[in-house]
Amino acid sequence: EVQVEDCNDSECSVASWSTTVVLEARGDCPDDFSGWFKTFPLEDYTQIYEVGPPGRLVSVSDFKGHGYFRVPDWQNVIDVRLPIDGTLYAGSKTHFSGRDAAWVPELNYGLRFRTPCEGIWISFAHILQLSPSIEAIFDEFPAQDSSETLWVEPIEMSEGDVIGTAIGYALTGNAMVDFGVHDEFGRVRTVEHERGFGIHLTAACMYDFFSAEIAAYLRSKEFT
């Protein structure tokens with residue numbers, strides 16, 4: 001809606017004009033996002049024994065839009081791959097101090113990738129070891145005490161490219177990685193919760209972006 005005000009001394013008149021705008025995403029967008037991702041982020045999805053659902057509360061009030069995958073303890077050394085062509089544009093480099101003073105801080109990385117379809121992007125977190133080419137980019141940043149977003153020069157990558165070689169926390173053997181799919185245009189259902197905020201509210205149900213077989217398996221391992 002546009003309003004134009006024309007004033008002559010103290011006398012003003014207003015003209016208004018309005019129209020309906022429909023957002024149309026640029027790029028390679030499918031009519032149906034089901035099965036859009038042909039490559040799974042981990043080497044063998046059947047290793048996953050616990051899946052954190054997108055849109056959940058951790059403790060009483062810590063809302064998470066993204067989900068996570070957990071494989072057996074001490075299986076931290078595992079390749080993490082892009083499920084679709086993507087552009088790395090942001091990330092994080094965080095020292096996680098743990099729950100008590102005895103915990104030795106470990107360095108974890110987060111990554112964000114735009115997909116070929118405008119408005120759809122992918123997030124990873126708790127990557128313990130980055131692939132060499134990506135690690136070189138984040139070497140330029142100091143480690144943070146929080147998961148503050150670090151903006152990087154966009155880098156084009158391809159489906160199946162290895163972005164990390166270890167996940168989770170090596171000192172405790174907790175082998176997990178956060179994974180989220182986000183839709184800023186709301187073409188797929190995104191999370192809704194009174195405690196949701198910011199980018200968490202763009203998080204979509206990640207299961208159906210994979211094949212029906214993988215989606216069913218992930219749902220069967222969901223940790224409620």
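Counting from 1, the numbers follow the sequence of the chain as shown. All values derive from a computational prediction rather than experimental measurement.
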- Task: Give me the ring orientation class for Phe138 and Phe141: parallel if the planes are under 30° apart, tilted from 30 to 60°, perpendicular past 60°.
- Result: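 Plane angle between 30° and 60°, so tilted.
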
- Query: Which word best sums up how the rings of Phe179 and Phe69 line up, parallel for under 30°, tilted for 30 to 60°, or perpendicular for over 60°?
  - Reply: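 Parallel: the ring planes of Phe179 and Phe69 meet at under 30°.
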
Verify the neighbour count for atom [atom1] of [X]: are there more than 12 heavy atoms of other residues, nucleotides or ligands below 6.0 Å?
X      : atom1 : answer
Glu5   : CD    : yes
Tyr49  : OH    : yes
Asp139 : CG    : yes

Do [X] and [Y] share a hydrophobic cluster (ILVMFWY, side-chain heavy atoms under 4.5 Å, transitive)?
X      : Y      : answer
Ile122 : Tyr68  : no
Val162 : Met157 : no
Trp36  : Phe210 : yes
Tyr109 : Leu150 : yes

Report yes if the side chains of [X] and [Y] come closer than 4.5 Å at any heavy-atom pair, otherwise no.
X      : Y      : answer
Pro41  : Val177 : no
Glu118 : Phe185 : yes
Tyr217 : Val51  : no
Phe33  : Val181 : no
Ile120 : Arg187 : yes
Ile84  : Phe209 : no
Asp28  : Cys117 : no
Val152 : Ile155 : no

- Given the rule in the side-chain contact (heavy atoms from CB on, under 4.5 Å) test, do Glu222 and Tyr207 qualify, once you have shown the distances and angles that lead to the verdict? CA-CA 11 Å; Glu222 192 174 78; Tyr207 307 133; 2.5 Å; yes

Work out which heavy atom in [X] is nearest to a heavy atom in [Y]; give both atom names and the distance.
X      : Y      : value
Trp74  : Leu171 : CH2-O, 3.7 Å
Leu128 : Gly168 : CD1-O, 3.5 Å
Ile137 : Leu88  : CD1-CD2, 4.3 Å
Val188 : Asp183 : N-OD2, 3.0 Å
Gly67  : Met206 : CA-CE, 3.8 Å
Glu50  : Ile48  : O-CG2, 3.4 Å

Check for a donor-acceptor pair, side chain of [X] on one end and backbone N or O of [Y] on the other, with a separation under 3.5 Å.
X      : Y      : result
Ser211 : Ile214 : yes
Gln3   : Val14  : no
Ser92  : Gly110 : yes
Asn76  : Ile167 : yes

- Is the distance between the ring centroids of Phe113 and Tyr89 under 6.0 Å?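 No: the rings miss the under 6.0 Å criterion.
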
- For residues His66 and Phe124, establish whether the separation of their ring centroids is below 6.0 Å.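 Ring-ring flag for His66/Phe124: false, centres at least 6.0 Å apart.
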
- Message: Could you walk me through whether Leu82 and Glu159 satisfy the side-chain contact (heavy atoms from CB on, under 4.5 Å) test, starting with their C-alpha distance in whole Å, then the side-chain angles of each, then the deciding distance to 0.1 Å, before giving a yes or no?
- Response: CA-CA 5 Å; Leu82 265 185; Glu159 177 189 340; 5.6 Å; no

- So among Val80, Leu107, Leu111, which one has a side chain to side chain contact (heavy atoms under 4.5 Å, CB included) with Leu130?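 Running side chain to side chain contact (heavy atoms under 4.5 Å, CB included) over Val80, Leu107, Leu111 with Leu130 returns exactly one hit, Leu111.
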
- Step by step, would you call His126 with Asn174 a side-chain contact (heavy atoms from CB on, under 4.5 Å)? CA-CA 10 Å; His126 298 297; Asn174 182 0; over 6 Å; no

Distance in Å, [X] [atom1] paired with [Y] [atom2], rounded so as to fall on 0.5 Å steps:
X      : Y      : atom1 : atom2 : value
Arg81  : Thr165 : CZ    : OG1   : 11.0 Å
Asp178 : Lys64  : CG    : NZ    : 7.0 Å
Glu213 : Tyr45  : CD    : OH    : 3.5 Å
Gln144 : Thr149 : CD    : OG1   : 10.0 Å
Asn108 : Lys93  : CG    : NZ    : 12.5 Å
Ile78  : Ile127 : CD1   : CD1   : 11.5 Å

- Item | Full working for side-chain contact (heavy atoms from CB on, under 4.5 Å) between Glu135 and Gln129 | CA-CA 8 Å; Glu135 185 175 30; Gln129 181 64 57; 3.3 Å; yes

- Message: With a 4.0 Å cut-off on N to O distance, would you call Arg219 and Asp208 a salt bridge?
- Response: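 Here Arg219 pairs with Asp208 in a salt bridge, since their nearest N and O are under 4.0 Å apart.
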
